[in-house]
Amino acid sequence: MLTAEEKKLIAQIWDKVKPRQEEFGVEALLRLFTTYPTTKTYFPHFDLSAGSDQIRGHGKKVVAALGNAVGNIDNLSQALSELSNLHAYNLRVDPVNFKLLSQCFQVVLAVHLGKDYSPEVHSAFDKFLSAVAAVLAEKYR
């Protein structure tokens with residue numbers, strides 16, 4: 001459960017992420033595919049190179065979904081229900097991948113936000129992204 005202060009920190013940082021959604025999404029995906037190459041198996045039809053339209057498009061979608069979660073932080077299950085259904089029933093993505101992507105996204109935040117990504121912000125985002133991953137994995141049970 002996120003505290004009011006953690007929710008405030010997440011919202012403040014998200015204001016810095018919004019103008020760079022595509023950039024952060026692309027970098028998070030490229031880190032995911034490089035660090036955890038087995039995740040590439042879910043994207044056999046994608047050009048996985050850095051500048052590809054598919055990576056840019058999907059990176060933007062990922063970060064937009066996180067933005068939706070930030071905007072609905074008190075009701076993640078409802079906000080992410082459709083996305084959870086898609087990944088569980090249609091795409092059949094192993095839910096461990098949500099945690100891996102969360103880790104990669106946090107690295108992107110730390111690299112780009114520098115001192116703004118304080119230990120307190122890191123802790124809040126870790127809790128938030130863990131909650132998002134748990135909600136996305138709900139349909140697997």
Side-chain angles (χ1 to χ4, degrees), residues 1-50 52-141:
M1 173 79 61
L2 293 163
T3 67
E5 181 61 27
E6 289 168 331
K7 291 176 188 178
K8 181 180 168 188
L9 289 171
I10 290 165
Q12 288 171 345
I13 290 299
W14 201 256
D15 285 339
K16 296 175 187 288
V17 172
K18 274 191 263 186
R20 300 173 74 184
Q21 286 187 42
E22 184 177 311
E23 175 189 356
F24 284 16
V26 166
E27 188 173 330
L29 287 175
L30 291 174
R31 285 180 179 278
L32 177 73
F33 297 145
T34 300
T35 308
Y36 308 103
T38 58
T39 59
K40 293 178 188 179
T41 61
Y42 294 101
F43 299 90
H45 57 290
F46 271 37
D47 171 1
L48 297 177
S49 61
S52 81
D53 289 341
Q54 291 98 343
I55 294 294
R56 287 197 330 270
H58 195 66
K60 196 170 184 177
K61 281 183 191 178
V62 167
V63 180
L66 289 174
N68 179 42
V70 169
N72 293 281
I73 203 162
D74 291 318
N75 197 359
L76 290 177
S77 289
Q78 184 176 354
L80 299 175
S81 179
E82 201 173 301
L83 201 55
S84 180
N85 284 335
L86 173 68
H87 284 81
Y89 302 130
N90 296 50
L91 302 174
R92 300 177 189 246
V93 174
D94 185 336
V96 74
N97 292 304
F98 304 134
K99 293 177 186 177
L100 301 177
L101 182 57
S102 294
Q103 291 172 356
C104 292
F105 190 70
Q106 286 190 77
V107 170
V108 171
L109 292 176
V111 166
H112 290 280
L113 300 178
K115 64 178 175 52
D116 288 336
Y117 200 69
S118 67
E120 294 79 17
V121 170
H122 183 173
S123 176
F125 257 93
D126 189 52
K127 286 172 70 175
F128 168 68
L129 292 172
S130 292
V132 167
V135 166
L136 290 175
E138 281 178 351
K139 305 292 180 170
Y140 291 84
R141 298 179 191 132

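- In this view, V70 and I10, W14, F128 satisfy the side chain to side chain contact (heavy atoms under 4.5 Å, CB included) rule, not counting sequence neighbours.
- Residue L30 comes nearest to L48 through the heavy atom pair CD2-O, 3.8 Å, listed as atom of the first residue, atom of the second, then distance.
- A donor-acceptor pair under 3.5 Å links the side-chain atoms of S102 to the main chain of F98, judged by distance alone.
- A heavy-atom distance below 4.5 Å is not found between the side chains of L113 and V108.
- Applying the salt bridge (charged side-chain N to carboxylate O under 4.0 Å, His left out) definition to pairs two or more places apart or across chains, those involving residues 53-70 are E22-R56, D53-R56.
- Between the CG atom of L101 and the CG atom of L129 there is a distance of 8.5 Å, given to the nearest 0.5 Å.
- By the side chain to side chain contact (heavy atoms under 4.5 Å, CB included) test, Q78 pairs with N75, sequence neighbours left out.
- At least one side-chain heavy atom of F43 sits under 4.5 Å from a side-chain heavy atom of H58.
- With sequence neighbours excluded, the residues satisfying side-chain hydrogen bond (donor to acceptor under 3.5 Å, both in side chains) with T3 are E6.
- Rounding to the nearest 0.5 Å gives a distance of 9.0 Å between CD of Q21 and CG of L66.
- Between F105 and the choices V63, V62, L29, V132, the side chain to side chain contact (heavy atoms under 4.5 Å, CB included) rule is met once, by V63.
- Sorted by first and then second residue, the pairs that involve residues 24-50 and meet salt bridge (charged side-chain N to carboxylate O under 4.0 Å, His left out), not counting sequence neighbours, are E27-R31.
- Looking only at distances, no side-chain donor or acceptor of K99 sits under 3.5 Å from a matching main-chain atom of S130.
- Taken from CG in L109 to CD1 in I13, the straight-line distance is 7.5 Å, to the nearest 0.5 Å.
- Here the closest non-hydrogen pair linking C104 and A28 is CB-O, 3.6 Å.
- For the pair V121 and D116, the minimum side-chain heavy-atom distance is 4.5 Å or more.
- Partners of F24 by ring pair (Phe, Tyr, Trp, His ring centres under 6.0 Å), not counting sequence neighbours, listed by chain and number: H112.
- When side chains are defined from C-beta on, K7 counts as touching D74, because their heavy atoms get closer than 4.5 Å.
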